[in-house]
Trainee: 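Take this structure, written in structure tokens, and hold onto it; I'll ask about it next.
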Amino acid sequence: MNFWFKKEASRKFIDLIRRASSWWANWNPSIQITAGDYGEIETTSGQFVKEGNIYTSSDQSIVDLTAQFQLVSEPVLDKYIISSSSAKQCELGADIGVNVAGVTNAYLKGQWQFNQSRGAFLIMHMPRITRVPDEFLAESLARGLLKGKTLVTHVYSCPAYALYLSNKTNETVKITLGADIPSIVAPGVSPGAEIGTKWVDDGTAGLLQKGYNDEAVFVPLYSIRKIRKRGIRRESFDEKAPRGDFWANVEVPWGFLDDDGEEEVIEYMDDSDSD
């Protein structure tokens, strides 16, 4: 099967972005992931599978708590870009993103060089974090709620995104988000008005996904936590050492991945073989 159609393709992209940022990437940002969702990570694809949401729960103990602590929205950022270690972001010339395929006013532009190792980048335009309040996490922990649940605590949403997974070739990828300012003004269009906001790319040999909308409908990144029990070493005598349960970041449920998203098998030499 073609690599791009295998579940391991999404897992490889997600793994690269997580290693570069500690955030979980959404392979299909059009699929909504909302702060307060709970579910599990599908091991083969790396994608989040939703089971429910604390803000629509029928559990009265959770309903009582969410009524006190509503979702929090942080200020909008100009941009957020994540590049894996094998994706080198380059300095741009003045002509990059200008007068390319009708784009005369670039909001966001970038250029990356890749080598023969799989690499990735993720670009978000005007992103905003929505999160579950820290007070909810602390109180749910104190009340013993949501044990065993993998909870989405933060999400990034944005009106425009582009994500790229390279093809293990020496690619140089250029990408621009911008709009056209027509030289000839059509009836009903104000002089200097921007039309046709779009992504324009060049040099792609791997898989590129991109989207634009007037509203922040895309969710490219999220963070998940799960209640864990803090281990205490038997030889520790520090009475002030933290004890009990805590909300821990969720680690990936796979080992080291090769360039095709497959788990590498580590073979250990049997001591008897050296005799």
Side-chain angles (χ1 to χ4, degrees), residues 1-31 45-47 77-127 156-180 194 196-213 217-221 257-262:
M1 181 186 294
N2 187 306
F3 169 73
W4 305 113
F5 296 103
K6 297 174 66 176
K7 289 185 175 181
E8 285 79 6
S10 61
R11 181 167 72 171
K12 182 60 180 178
F13 176 79
I14 291 164
D15 189 73
L16 287 170
I17 296 300
R18 176 150 174 74
R19 287 177 179 273
S21 68
S22 79
W23 287 88
W24 288 81
N26 185 4
W27 179 244
N28 187 348
S30 297
I31 296 178
S45 68
Q47 297 186 77
L77 303 178
D78 179 51
K79 63 184 177 182
Y80 187 22
I81 300 173
I82 301 171
S83 305
S84 71
S85 59
S86 53
K88 180 183 178 183
Q89 189 171 0
C90 309
E91 294 296 326
L92 299 178
D95 60 332
I96 300 298
V98 179
N99 294 321
V100 177
V103 173
T104 54
N105 186 25
Y107 310 140
L108 192 60
K109 53 188 177 181
Q111 178 175 304
W112 284 262
Q113 289 182 343
F114 295 89
N115 54 34
Q116 294 182 348
S117 294
R118 193 85 68 181
F121 66 72
L122 171 64
I123 307 172
M124 294 184 291
H125 175 60
M126 303 294 287
Y156 265 109
S157 59
C158 61
Y161 80 94
L163 63 83
Y164 185 72
L165 183 62
S166 73
N167 196 33
K168 297 191 296 184
T169 57
N170 296 321
E171 307 149 53
T172 298
V173 176
K174 303 174 184 178
I175 189 163
T176 300
L177 175 68
D180 186 24
E194 297 178 349
T197 299
K198 59 185 176 181
W199 288 100
V200 177
D201 61 89
D202 180 66
T204 57
L207 189 146
L208 173 69
Q209 295 187 49
K210 54 191 177 182
Y212 173 80
N213 194 287
V217 297
F218 303 111
V219 183
L221 284 178
L257 302 180
D258 64 17
D259 276 344
D260 292 326
E262 301 281 358

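In this chain, residues are counted from 1 in sequence order. When reading the values below, keep in mind they use all heavy atoms of this one structure, side chains included, and skip hydrogens, waters and symmetry mates.
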Trainee: When rounded to the nearest 0.5 angstrom, what is the spacing between CG in L165 and OG1 in T204?
Mentor: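 Atom-to-atom, L165:CG and T204:OG1 are 12.0 Å apart.
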
Trainee: What's the spacing between S22 OG and I17 CD1 if we round to 0.5 Å?
Mentor: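 S22 OG to I17 CD1: 11.5 Å, rounded to 0.5 Å.
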
Trainee: Enter the distance from D259:CG to L16:CG here, rounded to the nearest 0.5 Å.
Mentor: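 Separation between the atoms: 8.0 Å.
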
Trainee: Do I123 and K79 come within less than 4.5 Å of each other through their side chains, counting heavy atoms only?
Mentor: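 Contact flag for I123/K79 side chains = no.
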
Trainee: Looking at every heavy atom in both A20 and S84, which two are closest together, and how far apart are they?
Mentor: CB-CA, 4.2 Å

Trainee: Hey, what's the ring geometry for W112 with F121, parallel, tilted or perpendicular (30° and 60° as the breaks)?
Mentor: parallel

Trainee: Can you list everything that forms a side chain to side chain donor-acceptor pair (under 3.5 Å) with T169? Sequence neighbours excluded, please.
Mentor: E171

Trainee: In chain order, what residues pass the side chain to side chain donor-acceptor pair (under 3.5 Å) check against S10, with sequence neighbours excluded?
Mentor: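 By the side chain to side chain donor-acceptor pair (under 3.5 Å) rule, S10 matches no residue at all.
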
Trainee: Residues in salt bridge (Lys or Arg N to Asp or Glu O under 4.0 Å) with D201, at least two apart?
Mentor: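 Listed in chain order: K210.
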
Trainee: Hey, are the side chains of Y107 and D78 touching, using non-hydrogen atoms and a 4.5 Å cut-off?
Mentor: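 Side-chain contact under 4.5 Å: no.
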
Trainee: Are V173 and L208 close enough that some pair of their side-chain heavy atoms sits under 4.5 Å apart?
Mentor: no

Trainee: For the residue pair P29 and Q209, establish whether any side-chain heavy-atom pair is separated by less than 4.5 Å.
Mentor: yes

Trainee: List in chain and number order the residues that pass side chain to side chain donor-acceptor pair (under 3.5 Å) with Y212, two or more places apart in sequence or in another chain; answer none if no residue qualifies.
Mentor: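 So Y212 forms a side chain to side chain donor-acceptor pair (under 3.5 Å) with D214.
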
Trainee: Using a 3.5 Å distance criterion without hydrogens, assess whether the side chain of W199 forms a donor-acceptor pair with backbone atoms of G211.
Mentor: yes

Trainee: So does V219 get a backbone contact from the side chain of Y161, meaning a donor-acceptor N/O pair under 3.5 Å?
Mentor: no

Trainee: To the nearest 0.5 Å, tell me how far N170 CG sits from F114 CZ.
Mentor: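 Atom-to-atom, N170:CG and F114:CZ are 11.5 Å apart.
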
Trainee: Applying salt bridge (Lys or Arg N to Asp or Glu O under 4.0 Å), run through K168 and D260 and close with a yes or a no.
Mentor: CA-CA 10 Å; K168 297 191 296 184; D260 292 326; 3.3 Å; yes

Trainee: How many angstroms lie between atom CG of L163 and atom CG of N28, to the nearest 0.5 angstrom?
Mentor: 9.0 Å

Trainee: For the aromatic rings, using the six-membered ring if either is Trp, is the centroid distance between Y156 and W23 under 6.0 Å?
Mentor: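 Yes, close enough.
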
Trainee: Taking the side chain as every heavy atom from C-beta outward, state whether S30 and F218 have any pair of such atoms under 4.5 Å apart.
Mentor: yes

Trainee: Looking at every heavy atom in both A179 and T197, which two are closest together, and how far apart are they?
Mentor: CB-OG1, 3.7 Å

Trainee: Backbone N or O of K109 within a donor-acceptor pair of the T176 side chain at under 3.5 Å?
Mentor: no

Trainee: Checking R11 now: which residues fulfil salt bridge (Lys or Arg N to Asp or Glu O under 4.0 Å) with it, not counting sequence neighbours?
Mentor: none

Trainee: Roughly how far, to the nearest 0.5 Å, is OG of S21 from CG of L122?
Mentor: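 Reported value, rounded in 0.5 Å steps: 8.0 Å.
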
Trainee: Taking the side chain as C-beta and beyond, is there a heavy-atom pair between L221 and N26 under 4.5 Å?
Mentor: no

Trainee: Taking C-beta and beyond as the side chain, do W4 and N167 meet within less than 4.5 Å on heavy atoms?
Mentor: yes

Trainee: How far apart are the closest heavy atoms of A87 and S83, and which atoms are they?
Mentor: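 Closest heavy-atom pair between A87 and S83: O-CB, 3.7 Å.
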
Trainee: Quick check: closest heavy atoms across L257 and K12, and the distance to 0.1 Å?
Mentor: O-NZ, 3.6 Å

Trainee: I'd like to check the ring pair (Phe, Tyr, Trp, His ring centres under 6.0 Å) partners of F13; sequence neighbours left out, ordered by chain and number.
Mentor: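 Only W27 meet the ring pair (Phe, Tyr, Trp, His ring centres under 6.0 Å) criterion with F13.
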
Trainee: Kindly give the heavy-atom pair with the smallest separation between S86 and S117, and that separation in Å.
Mentor: OG-O, 4.1 Å

Trainee: Counting heavy atoms not belonging to E262, are there more than 12 under 6.0 Å from its CD?
Mentor: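 More than 12 heavy atoms, drawn from other residues, nucleotides or ligands, come within 6.0 Å of this atom.
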
